[in-house]
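A short worksheet on the structure shown next.
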Amino acid sequence: MRKQIVAGNWKMNNNLQETKELINDIAAHLPQTNTKVMVAPTFVYLQHAVAAAKDSPIEIIAQNMHFAAQGAYTGEISSTMLQDIGVQTVILGHSERRAYFGEDASLLRTKVDRALEVNMQIVFCFGEELEDRKAGNHFDVVQEQLSDALFHLGEKAWEQIVLAYEPVWAIGTGETASGAQAQEMHAFVRNTLEQQYNGQLAASTSILYGGSVKPNNAADLFSNPDVDGGLIGGAALKAEDFIAIIKAI
Ligand code: PEP
């Protein structure tokens, strides 16, 4: 059966000391839970983060990676480099990567393929912009994002994929999708997986919600049957808030 997951995306925040302290703080206050907890610090501190999380159930994951194994790609980080320092999971397709770094479907597809080639797990983000929702195109946009980057994959590959629905209008804005809006889209995605693959694959794929999840709205979002946890930005930067969100599942 699918896993429940709460993952924190720290983006370009926290210095080295803050990184270690926040991991220690989260580890010290983690409740007894079956929920998988992941944290994504910036690249340069990943190795320190892996060391800090060593004796805890927290998995340290990367915010991005390059599509090639190695080579002349100045400033980039490869999957094998991540694995070398103990990182086995990567976030791909975050809306900030799509918007500010021009990551489109064909590039994301190459990154997905690379991660799977070396047996990494992927947290794949997708979601519509405000104008798509206002125009009523949000289901089409989401279907296209998934189809372009993931539907070439065979069934087996889906064991390594977690989906994260992140409506762009709700990221870092304080504007959250309601529990009903999240459930509606998650059910649509699960149904799409069932059509494209089969019911068993659809039922065993975790679908997280991301977009201004806070301690005061987490329970409403997570109580929906197709919402399997959250990808958390701002509220993952405070141990107390992140722990409260984990407890809300
Ligand atoms: C995110 O960036 O993935 C995110 C969900 O951010 P926030 O929680 O701050 O909206």
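Counting starts at 1 for both ligands and their atoms, in listed order. Computed from a predicted structure; not experimentally measured.
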Any idea how F124 and F126 line up, ring-wise: parallel (<30°), tilted (30 to 60°), or perpendicular (>60°)?
parallel
Sidechain-backbone polar pair: K20 side chain, A52 backbone, donor-acceptor under 3.5 Å:
no
Please confirm whether T173 comes within less than 3.5 Å of ligand 1 when only nitrogen or oxygen atoms on both sides are compared.
no
When you measure from atom 3 (O) of ligand 1 to every protein heavy atom, which one gives the shortest distance, and what is it?
E166 OE2, 2.7 Å
Any chain of hydrophobic side-chain contacts (each under 4.5 Å) joining L237 to I91?
no
Closest approach of any protein heavy atom to atom 1 (C) of ligand 1, naming residue and atom:
H94 NE2, 3.2 Å
Taking 4.0 angstrom as the limit and counting only heavy atoms of S212, give me the atoms of ligand 1 inside it, by number and element.
7 (P), 8 (O), 10 (O)
For atom 10 (O) of ligand 1, which candidate among G233, G172, C125 holds the nearest heavy atom?
G172
Less than 4.0 Å is my threshold; does some heavy atom of K11 fall inside it relative to ligand 1?
yes
Verify the cluster assignment for M120 and F67: are they in a single hydrophobic cluster under the rule of side-chain heavy atoms below 4.5 Å apart?
no
Spatial distance of atom CG (L193) from atom CD (Q200) [nearest 0.5 Å]
12.0 Å
To the nearest 0.5 Å, atom CZ of F188 lies from atom CG of D226 at 13.0 Å
Only one of K134, H138, R133 clears side chain to side chain donor-acceptor pair (under 3.5 Å) with E128; which?
R133
Quick one: does A170 get within less than 4.0 Å of ligand 1, heavy atoms only?
yes
Can you tell me if G211 has a non-hydrogen atom under 4.0 Å from ligand 1?
yes
So which heavy atom in the protein is nearest atom 9 (O) of ligand 1, and how far is it from that ligand atom?
G234 N, 2.8 Å
